[in-house]
Amino acid sequence: MDSTTAEVAYNFAPFLRVYTDGLVERLLGTDVVPPAMNSETGVSTKDVVIAPETGVSARLFKPNSVNPEKRLPLLVYFHGGGFSLCSPYCSIYHNYLTSLVLEADIIAVSVAYRLAPENPVPAAYEDSWAALQWVVSHCNGQGSEPWLKDHADFQRVFLAGDSAGGNISHNLAVQVGVEGLGGVKLQGICVVHPYFGRKSEDDVGKVDDNASGGRPDVRPGVDNRWLYVCPTTSGFNDPRYNPAADERLWRLGCSKVLVCVAEKDALRERGWFYYETLGKSGWSGEVEIMETEGEGHVFHLFKPSCERAVTLMKRIVSFINQE
């Protein structure tokens with residue numbers, strides 16, 4: 001059966017369709033921006049293969065002009081897309097990381113993990129952890145990548161991501177807290193409009209008077225997407241999806257967290273719940289939250305020049321650069 005006659009088996013439009021013949025049709029983030037050295041943007045980029053056996057790769061970002069006597073903070077970034085869309089190479093994320101690197105004066109590694117449904121979760125977590133291990137292998141002047149060996153400050157390492165990438169950032173930070181990261185200092189994580197589960201199996205349609213401002217969680221499709229991309233999950237209380245169910249939460253392996261939510265984002269309440277739960281977990285770090293009024297999910301990626309996106313960018317830059 002060819003794809004013109006196959007029926008839609010799973011429809012996550014306007015983002016993704018999967019057909020009965022196995023075809024996966026991605027409707028966003030499929031374009032590729034080539035890397036460039038000494039770009040007119042002020043940022044140089046190049047691509048590296050991290051794990052040839054799985055195809056895990058990354059795009060590296062570096063300001064064109066770097067003081068050789070100065071080490072820059074190092075950001076490892078995980079893109080969003082519900083574990084099934086986009087890459088560091090598409091214009092959405094290439095442009096965003098370029099702007100962030102230029103504004104913050106940092107080195108960034110944007111990770112290309114394998115996507116569901118062809119590679120179901122936990123592939124994204126495994127690939128992201130492998131990428132982080134590759135990054136930190138450069139901490140003592142070792143490793144093969146000169147941008148990391150010569151310019152990155154491994155005592156100022158951050159993880160960040162939006163949506164599913166925020167989820168990945170959190171889960172890797174928990175893993176760092178449990179397993180350690182060698183001599184590398186994971187200072188903080190920034191989770192932007194994070195893709196987490198609701199409080200419990202019964203919360204859809206209920207009102208959260210605290211975080212939601214009295215609005216119900218009416219997006220069961222968000223949860224159905226998790227069940228689809230992670231068919232082996234234990235459900236909505238899977239600790240990878242619902243951090244409140246993770247008994248290791250208090251061991252989060254960094255000293256500060258910035259949670260960013262948006263007023264009109266369907267995931268807003270879940271970001272607030274994460275903020276509140278982390279604050280009560282016994283974790284010894286500092287958690288901050290920023291809410292953007294009048295905007296929806298990952299608005300900053302699609303309207304990067306608007307005033308609220310600029311304000312969000314400045315807050316993230318400050319989070320990374322504050323001593």
Side-chain angles (χ1 to χ4, degrees), residues 15 29 50-51 54-59 74-90 92-93 96-97 100 108-136 157-179 181 184 186-197 222-223 225-230 232-233 238-246 248-249 251-254 257-261 267 270-271 274-275 278 287 297-298 301 316 320:
F15 308 111
I50 292 172
T54 58
V56 179
S57 60
R59 175 156 290 183
L74 174 59
L75 175 69
V76 184
Y77 194 89
F78 306 97
H79 68 82
F83 297 98
S84 56
L85 293 172
C86 299
S87 78
Y89 315 118
C90 71
I92 296 170
Y93 286 102
Y96 177 68
L97 266 294
L100 181 56
V109 179
S110 186
V111 177
Y113 51 84
R114 288 173 293 172
L115 301 177
E118 300 94 328
N119 299 281
V121 174
Y125 297 126
E126 295 166 352
D127 293 351
S128 298
W129 181 252
L132 181 58
Q133 294 297 306
W134 175 82
V135 168
V136 303
V157 176
F158 294 84
L159 307 181
D162 63 277
S163 197
N167 177 300
I168 292 171
S169 298
H170 161 77
N171 278 285
L172 261 60
V174 171
Q175 194 166 354
V176 168
V178 173
E179 299 184 20
L181 206 57
V184 171
L186 179 59
Q187 277 206 344
I189 65 171
C190 177
V191 296
V192 180
H193 310 165
Y195 180 29
F196 290 130
V222 171
D223 297 305
R225 180 100 173 250
W226 166 255
L227 298 177
Y228 179 69
V229 300
C230 188
T232 60
T233 183
D238 187 321
R240 297 168 298 183
Y241 188 53
N242 183 355
D246 192 347
R248 308 169 304 163
L249 181 59
R251 299 185 66 179
L252 196 74
C254 59
V257 173
L258 174 62
V259 184
C260 301
V261 298
L267 298 179
R270 303 174 187 213
Y274 173 69
Y275 164 76
L278 181 58
V287 57
H297 192 62
V298 298
L301 299 178
I316 295 171
I320 294 172

Roughly how far apart are [X] [atom1] and [Y] [atom2], rounded to 0.5 Å?
X: L132; Y: S169; atom1: CG; atom2: OG; value: 10.0 Å
X: R270; Y: D223; atom1: CZ; atom2: CG; value: 4.5 Å
X: N171; Y: L159; atom1: CG; atom2: CG; value: 11.0 Å
X: S163; Y: F78; atom1: OG; atom2: CZ; value: 14.5 Å
X: W129; Y: E126; atom1: CH2; atom2: CD; value: 12.5 Å
X: L75; Y: L97; atom1: CG; atom2: CG; value: 7.0 Å

Margin query: Does the plane of the ring in Y274 sit parallel, tilted or perpendicular to the ring in H170? Use 30° and 60° as the thresholds.
Written below: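 The rings of Y274 and H170 stand perpendicular, inter-plane angle above 60°.
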Next item on the list: Take the angle between the ring planes of H193 and H297 and call it parallel below 30°, perpendicular above 60°, tilted in between.
Entry: tilted
Note to self: I need the single residue from F83, W226, Y125 that forms a ring pair (Phe, Tyr, Trp, His ring centres under 6.0 Å) with Y241. Which is it?
What the structure shows: W226
Taking all atoms of both residues into account, what is the closest heavy-atom pair of [X] and [Y], and its distance?
X: L115; Y: S84; result: CD1-O, 3.8 Å
X: G271; Y: P194; result: CA-CG, 4.2 Å
X: V157; Y: L186; result: O-CD1, 3.4 Å
X: A164; Y: G81; result: CB-N, 4.4 Å
X: I189; Y: A173; result: CG2-CB, 3.9 Å
X: C230; Y: R240; result: SG-NH2, 3.5 Å

Notebook entry, point to check: Is a donor on one side and an acceptor on the other found under 3.5 Å between the side chain of Y195 and the backbone of I168?
Noted result: no
Next item on the list: Before giving the answer on side-chain contact (heavy atoms from CB on, under 4.5 Å), spell out for L267 and F196 the whole-Å C-alpha distance, their side-chain angles and the decisive distance to 0.1 Å.
Entry: CA-CA 8 Å; L267 298 179; F196 290 130; over 6 Å; no
Notebook entry, point to check: Any side-chain heavy atom of P117 sitting closer than 4.5 Å to one from Y228?
Noted result: yes
Check: Side chains of V192 and I316: closer than 4.5 Å at any heavy-atom pair?
Finding: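 V192 vs I316: side chains touch.
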Next item on the list: Check step by step if side-chain hydrogen bond (donor to acceptor under 3.5 Å, both in side chains) holds for D162 and Y93.
Entry: CA-CA 10 Å; D162 63 277; Y93 286 102; 2.7 Å; yes
Next item on the list: With side-chain contact (heavy atoms from CB on, under 4.5 Å) as the test, would you mind laying out the steps for W134 and V56 before giving the verdict?
Entry: CA-CA 11 Å; W134 175 82; V56 179; over 6 Å; no
Next item on the list: Could you check Y89 against S57 for side-chain hydrogen bond (donor to acceptor under 3.5 Å, both in side chains), going step by step and ending with a plain yes or no?
Entry: CA-CA 10 Å; Y89 315 118; S57 60; 2.6 Å; yes
Next item on the list: Carefully, step by step, assess V111 and D127 under the rule side-chain contact (heavy atoms from CB on, under 4.5 Å).
Entry: CA-CA 9 Å; V111 177; D127 293 351; 5.7 Å; no
